[in-house]
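Let me begin by presenting the structure, written as structure tokens, before commenting on it.
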Amino acid sequence: MSAPILSLSGVTKSYPRGGMLGSVFGARAPVLALDDVSLDVMAGDVVGIVGESGSGKSTLAQLAVGLTRPTAGTIRLGGEDLGLLMRDHAGPWRRRIQMAFQDSSSALNPRKSIGRCLEETLVLAGVDKAARPAEAAALLGRVGLGAEMLPRLPHELSGGQRQRVGLARALAMKPDVLIADEPVSALDVSLQAQVINLLGRLTGELGLTLLFISHDLALVRALCRRVIVMRKGRIVEEGPCLQVLESPRDDYTRLLLSAVPKGIEGRRRPPARTSNPEFPRP
Amino acid sequence: MTKLRQALAIVDWSGWLGAAIVVAMVGAAVLAPWIAPFDPVAVNIEDRLTAPDAVHWLGTDQAGRDVFSRILFGARASLAVGIGAVLIGGLIGVSAGIFAAYKGGLAELAVMRVVDAVASIPLLVWAIAIVGVLGVGPVQVGPLSLPNEVKIVVLVGCLFSPVFARVTHAVARRVVSADFVKARWLQGAGHWAIVTGDVLPNCLSPIIVQATLLVAIGIVVEASVSFVGLGVQPPAASWGTMLSDARNAIYSGEWWLPVFPGLAISITVVGFNLLGDAVRDLFDPRSEARTLVA
């Protein structure tokens, strides 16, 4: 319990401005997407990461799963350097960390049935061929979908159903850590509640460590125990969810909170009506 | 089976017409030795330049050869060049386009600039220049002696490859950045599995449409190259050589000499285009939903 399951220390990520030629002729300074971020996530933690667009939330997610490499700093997964782990592309460490994506229409291959999508994931998760169909059905059951979804193609599902299939696919790898990058922001409000409840249940049942990235403070409050507020690639405030959201110490957090429309004071459940506030750029 | 029937239900009459034309032309090419009423190269001076009648359905040419039989045999050269070139060009171009899109960075830049360079010279100019330099005789590759037609198939195929590369690259770039590709990567799937299982299948519909259009262009290129005497060599029949031979007949009144090979080319080209549109609709997974809803 003492060692963090996921830890970032001094992680910086910069992108060259103006594409490849820009990096060759490097006249202008690169864009700093993440600026010296350090973060420890303990096993079983449910951490919300909030911030406006461009604050570095998604970059953080991509770095944590190894979709991009940091410009500086180290990321450790279960105490092991992610850079070293990544040398073994299909290594067992892949099963420890998985990601759920924002856009459900892009997250599933439109030409593969749900069953095939899950089963080919189970192949890489090391599940025997004979056990795969039952396991795929069980995964769908876990996210509240019936086995009749298996032969369907993604376009035959609703956005909420697709999002849950995406979760089932991530769970198929039996991850310790799940990173959910804005998993509900493309869904309408009633579906948001479904998916949030599902995530809450899964973290409880499976002891899953969850990094929940969102710009919707009400959802973070409903789901997370701990919250991290990001702005311009830096962590400006972090702490227990209630403390940060009730009595923010940082000006920016206060600004974020004040941008949430009144009347959504729901505590541990997602509110009946939420909105996606446009945060003013300070 | 029902799934196939549902899918085929979206093919409209023009798609079936295209398919029928293509099947008929391919059938004619394959079965030519058995269904042709006359020997396509047999000279019969007594029957020269007869108008279409009950014996010679499409008339005879200056050497008394049966035009109908020559069109059937000519379909072989035309379709071989059209389809063969598309297969070769598709193999090279699709591989290059997907490689460039998937790999990104400098490799992408290099591959696509080579593609631009090859594509910047017009197809017919390339074809005529290279066949002109290599000559029209057979090519010796090791123990094999390849006829001129093979040279043209390979050549036109190479010239088609930039078109395939560009189309594939454009669509593959979008597919490669999709989340389902990232998801596969995060599961530890290999490059080959991702490219063949996730990237390529989602690039197919524009590639197939392009392929059917290029078959049509390939047929025209073969006809053009043969027309200028660098393609199929006489006395063998091809639609291009037949048109070429018919040039002088246009003014002397033997209308059947240019009209029928010309019709064969036009109908085949239209057939492949119609088929291409239908196949594109079939390959779009969303179009299936349209019929299920309707």
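Reminder, nothing fancy here: chain letters follow the sequence lines and each chain counts from 1.
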Exercise. Given the rule in the side chain to side chain contact (heavy atoms under 4.5 Å, CB included) test, do E120(A) and R184(B) qualify, once you have shown the distances and angles that lead to the verdict?
Worked result: CA-CA 9 Å; E120(A) 69 183 11; R184(B) 288 290 281 156; 3.4 Å; yes
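Contact count against chain A (heavy-atom pairs under 4.5 Å) is highest for A183(B) among S177(B), G190(B), A193(B), A183(B). Listed options D88(A), L124(A), D103(A), V65(A) were ranked by heavy-atom pairs under 4.5 angstrom with chain B; first place goes to L124(A).
D179(B) CG to Q102(A) CD: the interatomic distance, rounded to the nearest 0.5 Å, is 8.5 Å. From L204(B), atom CG reaches atom CZ of R111(A) across 6.5 Å, with rounding to the nearest 0.5 Å. For the atom pair CD1 of I194(B) and CG of N109(A), the computed distance is 11.0 Å after rounding to the nearest 0.5 Å. For the atom pair CE (M99(A)) and CH2 (W185(B)), the distance works out to 15.0 Å, reported to the nearest 0.5 Å. How far NE2 of H89(A) is from CG of L186(B): 8.5 Å, rounded to the nearest 0.5 Å.
Of the atoms belonging to Q62(A), it is side-chain heavy atoms, and not backbone ones, that fall under 4.5 Å from chain B.
Judged by distance alone, with hydrogens and angles left aside, the side-chain atoms of S106(A) form no donor-acceptor pair with the main-chain N or O of A178(B) at under 3.5 Å. Under the 3.5 Å distance criterion, the side-chain polar atoms of Q187(B) are left unmatched by any main-chain donor or acceptor of A125(A).
Among all heavy-atom pairs drawn from A107(A) and F180(B), the shortest one is O-CB, 3.2 Å.
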